[in-house]
Every structure is written in structure tokens, then in C-alpha cells.
Amino acid sequence: MIRSVSNRYINSNKQFELAKKSIPGGVNSPVRAFKSVGGIPVFMQKGNGANIYDIDGNEYIDYVNSWGPMILGYNHPKVIEAMNDQVIKATTFGTPTEIETELANLIKLIVPSIDLIRFVSSGTEACMTALRLARGYTKRNKFIKFSGCYHGHADPFLVQAGSGLATLGIQNTPGVPSSVTQDTLIANFNDISSVEKLFYQNPDEIAAVIIEPIAGNMGCVPPNDGFLEKLREICTTQGTVLIFDEVMTGFRISPGGVQQHLEIEADLVTYGKVIGGGLPVGAFAGKKEIMSHIAPLGNVYQAGTLSGNPLAIRAGLATLSYLNDNRFIYDSLEAKGGYLKLEIGKILTEKGLANTINQVGSMISVAFHDEKISSFSDISNSNILLFNEFFHYLLDNGVYLPPSVYESWFLSNALEDFHLDKTLSVIKGFKS
Ligand code: PMP
């Protein structure tokens, strides 16, 4: 659906036209282009607490939070203070710094199963390297990923890869040779028999199973009871490395992510988003036995000019320290998420709109569907056109949701009760 541009977005519209002349599609990451929901992307200029402001001066309650990193909200004083302090010292040296060890030690304190952690600059890099490490460690090539899970845009992962591609209707992307994806095996989320079948068909060949343990790239989809436990058991029996991609869930679902929340230990874990407090940081981590295969300790190569960048590490350190010192934040986020789920569900049901709302802590997603959503095909069968209308109604009324049904919403701790109630009163006015 192409929407007409009202005066409300006049500057965004102009800027989008300008941007398209120099930047492919006018954006530097495809989901920002609003292709799935239609219309013109809104250009933002500042944020404060739970709000963001566009270049036309419109205010929004933000449920995207930069796709996860801004868990403390915008302009958090502790994060700003740390960055200001660092920026005048230096933003990068390309040498080791004390603060990298400080952040590594804080993370080891929060996630005790980690022996060693390597910082990189994005979730993509973290997942790409975790897979390489698992392959180097096991001396096997094949790996299993789940339909609808996204692990960044490294070539081997770009098969049935959830939100970003689904939003654009791309199944498999040109430019990735089939020789690179021939070792990518696809199982169905929440369907352990699909995993068992692949292990049966590929004995002693599977290096890794990588999974978003609570998925966020097909909306928010929690694992069914026993699913991850069984996956853990199979990987242990088969000598396969279990990788939890906690780029979205790490330091968000609980201090120690899904590993802690569900008490299941992966062999390797990847991080992004919250770990950098709004600056580009990713990481992969795990037990010494596996991590010691990474260069320069071992032969599995990985490197990065700006890895462990001091400015980004300071933002991450300030964010994680604050979260760690104020763990009640996680209960508070859970309460806010639970309240939204309950109240949005009530409002939509009263309107006669079938809805399924999945929520775990500060991750939540609303789909217009009358059945449980526990896999990629479930969310694909929901009423996406209605979601798109819902998205635009909320946008026009100052509530900023992710511009795709396939994306999870992320709550920040800056959301106060009045933000939540304002959001609900906007939803009450939605007419399909
Ligand atoms: N893994 C997951 C689960 C993600 O959601 C994302 C990004 N949304 C990535 C990996 C890739 O992270 P980045 O965009 O930082 O490369």
C-alpha cells in the first residue's frame, strides 16, 4: 500500500528524496525503508528518555530503541558521562586498553559460564566468527540454523533468515553462491523432530547448531517447554557446538540473557545491541576449551581494526554496570511488558480483532492472528496488512513501532506508566 504523505512528515519526505540520490534506497539498513509497511521512513533527530523526535518536530514514544541497544532509554546520564570522558582521551588506538578487560570481567561476573570473550563491532561479526570457531574446533563443516532466525548477514546464514529478508520478500539473496550455503541445514523452530532428522541424515558432520533461544526476528517467539533442553542434550551427545545467538536477548531478558533466564548453558554465545549501550559492539564468548582456538591463542583467524574501540567499550561498560547495579530493572521491564500484553490484548479483542501477543520481559510483538505463534510460518500466516495499518495509525499518533510484523518491539527502562497508558489510549482509537 502506497500512502500519501501528509504535512506531518514533510521534512522527512524531502530528506528521503535527497537520501535516495546518494544512498541505496535512502537507508543504510533495509528495514528502515518501511518497505513492508509502506509509506515514507521517518527521519529522527534526537532522543530523550523514552521519546524520539523526528525532523518535523513530531514526538514519539519509542518501542524500537535502535532495535534493542537503548535499554536504558536515550541520554542516560551515566552513559553520556562515560562517553564524554572517553571522547577527549581518545576514541581509538588499536592497542589493548584496560577498559576492555574491565568489560570482559564484568560480563564474566554476570554470565559465569563464560571463560573468554572477544569483542567485535557488530552482531554479524560475532555470529560469523562463532560459526567459524565451531567449525575450526570440531573440524566439521555443516551447521543447523532455524527458519525465521537471523544471525546477521554473513553468507552462510542468509537462508530463511527471518525479519530483514522476510520484510522485503527475499527468500535467498543473490550474491551468495550455493557452494557457501550447501552446508547450511535448516530446521523448524520449536520442532525438535526436524533437528533429529538432520542429525540422522548427517551423522558426525554437524559442527554447530545456532539459535536465537528466544527468537526476535519472526516477531517475539519463545521456545516451547523442553525444546532448548532437548537441543542441549542432542548437541552434547553429538559433539556439536551449541551457539546461542543472544544479540537481541543478551543483558535484556535477564542480566545473563536466556542462558540465565532458562538455566541452559550454550557452548558459545554471541552478543550485540545492549552490550554496546548504543555504540557498535558485538562479542562472542564461551568456555576456554573452544575459545582458545581463536587467534592468536589458536589458528582460527579473526581480527578488527576498531574491535574493542574505547568509546564503544565505555558506553557498553556504563550500560552493563548500571544494569548490573540495578537488577530490579529487569523485574520492572517484565512488569511493563506484561501490562502491555494484557491491556493491548483486551483492547484488540474488544474491537473484535483476533490477536496473538507474544512477550518475554522487554520483548513483545503483536500479530493479528487467532492461533498461537511459535514459528516463522505462524507469523507469516497472520494478517500482515492489518498490522501495517496498525503500525501507521500508531505512527501518526506518536507511537513508534518497528516497521514490520517480523520484528520484535523493545522496551526501555525509561518508559513510565504514563507512556504505556498513552500508548494504550492511542490503540483504543485504532479503527481497522
Ligand atoms: N543476531 C540477531 C539475533 C540479530 O537480531 C541481529 C540484528 N538484528 C544480528 C545477529 C546481527 O547484528 P548486527 O545488525 O549488529 O550485525
Side-chain angles (χ1 to χ4, degrees), residues 27-33 36 63-71 118-132 134 143 145-168 170 173 184 189 208-223 228 242-253 257-259 261 266 268-285 302 304 306-307 309 312 315-316 319 360-365 376 379 402-410:
V27 292
N28 283 311
S29 197
V31 71
R32 298 178 197 170
S36 168
Y63 289 98
V64 179
N65 281 295
S66 187
W67 306 95
M70 307 309 288
I71 192 167
R118 167 69 53 86
F119 296 113
V120 293
S121 300
S122 68
T124 294
E125 268 186 273
C127 295
M128 176 184 85
T129 319
L131 175 63
R132 183 182 304 146
F143 75 99
K145 77 173 283 294
F146 293 84
S147 174
C149 285
Y150 179 65
H151 306 292
H153 65 92
D155 288 355
F157 296 126
L158 288 182
V159 189
Q160 298 185 30
S163 60
L165 288 87
T167 292
L168 300 174
I170 297 173
T173 159
T184 307
F189 198 83
V209 172
I210 184 165
I211 187 163
E212 288 178 66
I214 292 172
N217 283 291
M218 41 182 159
C220 171
V221 177
L228 293 178
L242 177 60
I243 308 172
F244 274 6
D245 177 348
E246 296 231 43
V247 167
M248 277 185 174
T249 53
F251 314 106
R252 172 169 282 283
I253 288 300
V258 181
Q259 291 198 97
H261 184 66
L268 288 177
V269 57
T270 60
Y271 296 117
K273 303 190 189 267
V274 172
I275 199 177
L279 267 75
V281 182
F284 58 97
Q302 179 273 332
L306 289 173
S307 292
N309 167 266
T319 301
V360 185
S362 57
M363 287 171 69
I364 178 168
S365 56
F376 183 70
I379 184 87
S404 165
V405 74
Y406 292 102
E407 303 281 359
S408 175
W409 315 4
F410 295 103

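Please read these numbers as outputs of a predicted model, since none were measured by experiment. When a ligand or atom number is given, it counts from 1 through the structure's own listing order.
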Requested in this report: Go through the side-chain N and O atoms of Glu246 and Thr249 and say whether any donor and acceptor fall under 3.5 Å apart.
Outcome: yes
**Report entry** Any residue meeting side chain to side chain contact (heavy atoms under 4.5 Å, CB included) with Met128, in chain and number order, not counting sequence neighbours
**Finding:** Arg132, Ala154
Query - side chain to side chain contact (heavy atoms under 4.5 Å, CB included) partners of Pro69, counting only residues at least two apart - result: Ser66, Lys273
Query raised in the report: What are the atoms of ligand 1, with element, lying closer than 4.0 Å to any heavy atom of Ser122?
Result: 15 (O), 16 (O)
Query raised in the report: Taking heavy atoms and a distance under 4.0 Å, where does Tyr150 meet ligand 1: side chain, backbone, both or neither?
Result: both
**Report entry** Side chain, backbone, both or neither: Asn217 near ligand 1, heavy atoms under 4.0 Å
**Finding:** side chain
Query raised in the report: In terms of residue, atom name and distance, what is the protein heavy atom nearest to atom 1 (N) of ligand 1?
Result: Asp245 OD2, 2.7 Å
Query - Residue portion contacting ligand 1 (non-hydrogen atoms closer than 4.0 Å) for Thr124 - result: both
**Report entry** Residue pair Val360 / Pro222: nearest heavy atoms and the distance that separates them
**Finding:** CG2-CB, 3.9 Å
Report summary line: Among Ala215, Ser121, Ser29, Gly123, closest by heavy atom to atom 15 (O) of ligand 1 is Gly123
Requested in this report: Could you list the atoms of ligand 1 found under 4.0 angstrom from a heavy atom of Gly152?
Outcome: 9 (C), 10 (C), 11 (C)
Query raised in the report: Which class fits the ring pair Phe189 and Phe146: parallel under 30°, tilted 30 to 60°, perpendicular over 60°?
Result: perpendicular
Report task. Would you tell me which option among His153, Glu125, Lys273, Met128 has the nearest heavy-atom contact to atom 7 (C) of ligand 1? Result -> Lys273
Query raised in the report: Should Glu212 be counted as touching ligand 1, given the test is an N or O pair under 3.5 Å?
Result: no
Query raised in the report: Between Phe119, Phe284, Phe251, which is the residue that forms a ring-ring contact (aromatic ring centres under 6.0 Å, His included) with Tyr271?
Result: Phe251
Query raised in the report: Taking it one step at a time, do Tyr150 and Phe157 satisfy ring pair (Phe, Tyr, Trp, His ring centres under 6.0 Å)?
Result: CA-CA 7 Å; Tyr150 179 65; Phe157 296 126; 8.7 Å; no
Query raised in the report: Between His151 and ligand 1, which residue portion shows a heavy-atom distance shorter than 4.0 Å: side chain, backbone, both, or neither?
Result: backbone
